[in-house]
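Have a look at the structure below, then the notes.
Letters A, B, ... are given to chains in the order of the sequence lines, protein chains preceding strands, and every chain is numbered from 1.
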Number of protein chains: 2
Amino acid sequence: MAARTHRPRRRTEALSRERITEAAVELLDTAGESGLTFRALTERLATGAGAIYWHVANKGELLRAATDAVIVTALATPPAGAAPRDRVRAVALGLFDAVEAHPWVAAQLSALPYQSTAPRIFESVGQQVKALGVPEEHWFATASALVEYILGAAGQNAANTATARALGPAPDRGEILGSVARAWEGLDAEEYPFTRAVGDQLRAHDDREQFLAGIDLILAGVTALHLQDGPRTPREH
Amino acid sequence: MAARTHRPRRRTEALSRERITEAAVELLDTAGESGLTFRALTERLATGAGAIYWHVANKGELLRAATDAVIVTALATPPAGAAPRDRVRAVALGLFDAVEAHPWVAAQLSALPYQSTAPRIFESVGQQVKALGVPEEHWFATASALVEYILGAAGQNAANTATARALGPAPDRGEILGSVARAWEGLDAEEYPFTRAVGDQLRAHDDREQFLAGIDLILAGVTALHLQDGPRTPREH
DNA sequence: ACCTGAACACCGTTCAAGT
DNA sequence: ACCTGAACACCGTTCAAGT
């Protein structure tokens, strides 16, 4: 913009881990997991393969960095002020939406274990568990259960979205659920009585709402099992 | 064994989808996800690549078939007799153990959506939800929450196991948890107070027990929210 | 210190040719 | 109908050579 800047021009901007990660996220978002190749990256960054390897050890590290970037953004604004219960919902929903927007992170998150990115999620959820007033001896188990549910639900949702996208461009929620519902209708009625019976509920449900209903189920369990006679929330002041 | 059998000899046994899937599962179990290649398969089956493609469309279909085989086995013996609540636990634990034994299925299960293998899991869990006496309008949401938790928890556990295996051969549970706990101790105390605080609980916990504790949390929530004034279980006779 | 780009090993998939 | 195996296109990674 200003002519006097000392910054390097756009076209020759130095390569960096950040720029590479940013380009990787964009490629993953637009072309899916198979779209992230070093050739596509070198083209987009107008450089050679060796230049990328100077900044990043290998493809696995690049995928981890991309996943971490998405999750850090999703957890960036900690939910403040609201009741602990609503803060749990807010953190969970933030993660759910991030995975929905970047379906490829689901596979990454369940590939990595309690390392790199996972502790960020665990910490965010855990702090809300503590705020709920859960007794300390149940902190780990409660936070784990919530994180596992969140990752599982977000992953299933991402898979559905990704599959629907593969069928056609930019499908809306109705189309996605419709295609799954049609698949269910093709199931054998003898073998799948329950699944067939809830086909209408599948069609009618709202993903985000139902995700939160699952969170509420766990929170109700926490209340019943761990908050019975303790205070519901710690004193606020 | 018997000399009179009319069956073809081992070495020339005809290729089939079943034999190919079986070999794929073995390769995945012993060499991990990257160990399943068409070259390794052709060698193991003493055939050419084209022969495999005659029976299987592509690698994706092969992975789906392998996943389906594992899950079908895991769900083969339906838990009978016990109380609905214990049957939920039994189905869940069967899946948990299957994913632990075949860590590569975790990634597959979250890649596929409500198709092929997933409905089997949904149906098995759903039938127990129905048996619990959950009102019909909550069947879909309740079964979904349970399945999502099961897949999420099994996936996280599989990732931990796989990572530990990568570090050394045949690590026991203590080693696995120890390596994760050490990673947690390296985290910044300011940024990860909760995670650091529960490091000892991580070390001490039992995976399967805690997995079931998560199931119990959800079941307690189901009781609190959906079984309040209804019967706990349907009449048995 | 950082980047270039050709080269290498390996992989999924195809296909003309066999039986 | 089923199998063989060479060939093709593509990918992650390396590395000698440049600046």
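Closest to the side chain of A/F38, out of D/dG12, C/dT13, C/dC3, is D/dG12. For B/T37, the side-chain atoms get nearest to C/dC11 when compared with the rest of D/dG12, C/dC11, C/dC3. Distance from the side chain of A/K59 is smallest to D/dG12 among C/dG12, C/dC3, D/dG12. Candidate nucleotides C/dC3, D/dC3, D/dT14 were compared by shortest atom distance to the side chain of A/H55, and C/dC3 ranks first.
Residue A/W54 places no side-chain N or O under 4.0 Å from the OP1 or OP2 atom of C/dC3.
A/L36 comes within 4.0 angstrom of the backbone, heavy atoms only, and of no base.
In this entry the distance linking CG of B/L15 with P of C/dT19 reads 19 Å, nearest Å. The nearest whole Å value for the distance from the OH atom in A/Y53 to the C1' atom in C/dG5 is 14 Å. Between the CD1 atom of B/I20 and the P atom of C/dG12 there is a distance of 14 Å, given to the nearest Å. What separates CG of B/N58 from P of C/dC11 is a distance of 18 Å, to the nearest Å. If you measure from atom CD of B/E33 to atom C1' of C/dG12, you get 15 Å, rounded to the nearest angstrom.
DNA chain C is contacted by both B/R39 and A/R39; A/R39 maps to the nucleotide lying nearer its 5′ end (nearest heavy atom per residue). Comparing B/I52 and A/A49, the nucleotide of DNA chain D nearest to each residue sits closer to the 5' end for B/I52. If you find the closest nucleotide of DNA chain C to A/G50 and to B/S34, the one lying nearer the 5' end belongs to A/G50.
Counting only heavy atoms from C-beta outward, the side chains of B/H55 and B/L15 approach each other to under 4.5 Å.
In this structure, B/E100 does not pair ionically with B/R208, as no charged nitrogen and carboxylate oxygen lie closer than 4.0 Å. Taking the charged nitrogens against the carboxylate oxygens, B/R120 and B/D68 do have a contact shorter than 4.0 Å, which makes a salt bridge. Remark: A/E191 does not engage A/R196 in a salt bridge, criterion side-chain N to carboxylate O under 4.0 Å. Taking a cutoff of 4.0 Å between a charged side-chain nitrogen and a carboxylate oxygen, A/E61 and A/R17 qualify as a salt bridge.
Within 6.0 Å of CD on B/E185 lie more than 12 heavy atoms contributed by other residues, nucleotides or ligands.
Heavy-atom minimum distance, A/I218 versus A/A145: CD1-O, 4.3 Å.
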For DNA chain D, please output the secondary structure as dot-bracket, reading 5' to 3'. Pairs are Watson-Crick or G-U wobble, both atom distances under 3.5 Å; mark crossing pairs with [ ], other-strand partners with |, unpaired with a dot. ||.|||||...|||||.||
